[in-house]
Amino acid sequence: MLNIDAIHLREINLPLAHPFETSFGVTTSRRILLIELESEGLTAWGECVAGEHPYFSDETIDTAWIITESELAPRLLEADVERGGDCPNIFRQVRGHRMAKAALENAVWDLEAQARRVSLAELLGGTRGVIPCGVSIGIQPSPDHLMDKIATELAAGYQRIKLKCKPGWDVNIFEAVRDRWPDITLSCDANSAYRMKDLENIVDWDRFNLLMIEQPLWYDDFYFHSMLQKRLLTSICLDESIRNRRDALAAIDMESCRIINIKVGRVGGFSEAVAVHNAAEERGIPVWCGGMLETGIGRSHNIALASLPNFSLPGDVSASSRYWTQDIIEPQVTVSAKGEITVPTTIGRGFEVQRDRIESITVRRQRLLAKARVTA
Ligand code: OSB
Ligand code: MG
């Protein structure tokens with residue numbers, strides 16, 4: 001039994017080392033909800049990936065906070081918890097709010113790994129000793145800025161470059177990048193910036209030999225992506241549309257995509273992330289691990305997840321220093337010259353949380369305690 005004594009919610013504010021621009025806006029600083037579980041002397045952590053605004057998904061840090069405080073954490077404190085995998089059932093009455101659920105569920109997995117004295121990667125079923133890494137490069141002030149960024153990331157060893165794109169920052173950019181680097185592994189991510197009227201333009205991108213085009217159409221769509229995929233040689237990868245295993249099965253069956261981006265927060269926690277991974281693996285669809293500008297806590301959880309066998313494409317999990325001047329874990333996440341992150345084999349997440357530093361950037365906190373347990 002994992003006896004959870006207390007659940008701490010806290011909001012930290014952390015400026016990004018560099019602004020990150022997508023088709024839905026610019027992020028310069030993050031407001032992040034962290035979960036800390038106390039259990040019989042052990043401390044486990046979870047990170048909620050919901051943003052400040054409901055632009056990537058309908059959740060925000062503020063909706064996650066209230067749902068965690070009023071619905072999810074009380075259920076978790078009352079439940080008999082044996083493993084992280086119990087969480088979906090504990091939370092089943094609450095619809096949606098997957099990023100809020102994931103932060104708690106992942107903290108329970110983090111706790112379970114410590115209690116069983118295994119690494120989180122091993123607990124999840126990971127098999128890789130190192131994970132292949134790519135980078136997601138935001139929309140830049142100018143094409144020259146973009147070229148400089150790409151050169152820097154390639155020199156650092158990253159195996160795949162993903163370009164954020166939107167109408168007006170697409171063909172011109174792909175052309176410039178392919179002129180200079182004809183052979184690099186290149187992909188793009190539109191975060192739903194296109195519509196069916198853009199179909200002919202997107203079909204024309206086949207000439208850039210992209211590894212994939214991520215979420216070009218509506219954030220909640222399968223049908224129109226399947227129509228687009230029929231016209232494309234390039235693989236579509238779905239991100240926003242895939243909320244769970246059933247979505248993955250529907251998208252694969254309809255041929256809406258040939259690749260899936262798994263974000264553990266987007267699908268509601270490690271249990272569902274593993275289920276999506278397995279469903280894709282059984283159908284020969286490769287997956288990769290997405291990122292949501294996480295601190296080291298979420299990043300360490302992503303590393304553990306990406307060690308599962310079907311995470312065969314380079315993910316968006318990269319070095320701490322690309323996001324933060326100083327991350328909140330020790331050691332910081334680093335990437336080798338071959339563009340790989342080593343999966344920790346030590347107990348739990350494999351990175352220590354810097355509590356003093358977290359304290360110094362905490363702007364809001366709430367502590368929920370378990371009722372005294374009756375021992376039989
Ligand atoms: O669509 O993958 C996305 C960041 C914020 C919101 C959505 C996305 C992203 C990224 C960055 O692409 C991934 C990362 O490096 O963390
Ligand atoms: Mg994406």
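In this text the structure is predicted, and so the values were computed from the model without any measurement. Just follow the structure's listing: the first ligand is 1, and inside any ligand the first atom is 1. Along the sequence shown, residues carry numbers from 1.
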Quick one: does NZ or CZ of [X] land under 6.0 Å from the six-membered ring centre of [Y], within 45 degrees of the ring axis?
{"X": "Arg160", "Y": "Trp288", "answer": "yes"}
{"X": "Arg30", "Y": "Phe20", "answer": "no"}
{"X": "Arg83", "Y": "Trp109", "answer": "no"}

Q. Within Glu214, is some N, O or S atom less than 2.8 Å away from the Mg ion (ligand 2)?
A.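 For Glu214, the answer is yes, given that an N, O or S atom comes within less than 2.8 Å of the Mg ion (ligand 2).
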Check: Hey, is Arg355 close enough to Glu36 for a salt bridge, meaning N to O under 4.0 Å?
Finding: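 Yes.
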Salt bridge flag under 4.0 Å for residues Glu359 and Arg10: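 Counted as a salt bridge, because a side-chain N and a carboxylate O are separated by less than 4.0 Å.
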### Message
Rounded to the nearest 10°, what angle sits at the Mg ion (ligand 2) between OD2 of Asp189 and OD2 of Asp239?
### Response
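Answer comes to 180°, rounded to 10°.
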How about Tyr323 and His18: are their ring centres within less than 6.0 Å of each other?
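Aromatic pair excluded; centres sit 6.0 Å or further apart.
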Sub-4.0 Å heavy-atom environment of ligand 1, residues by chain:
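Ligand 1 pocket, heavy atoms under 4.0 Å: Phe20, Phe56, Ser136, Lys162, Lys164, Asp189, Asn191, Glu214, Asp239, Lys263, Gly291, Met292, Leu293, Asp316, Tyr323.
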Worksheet item: Judged by atom type as modelled, is there a donor-acceptor pair below 3.5 Å linking the side chain of Arg128 to the main-chain atoms of Thr342?
Response: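 Judged by distance alone, no pair lies under 3.5 Å.
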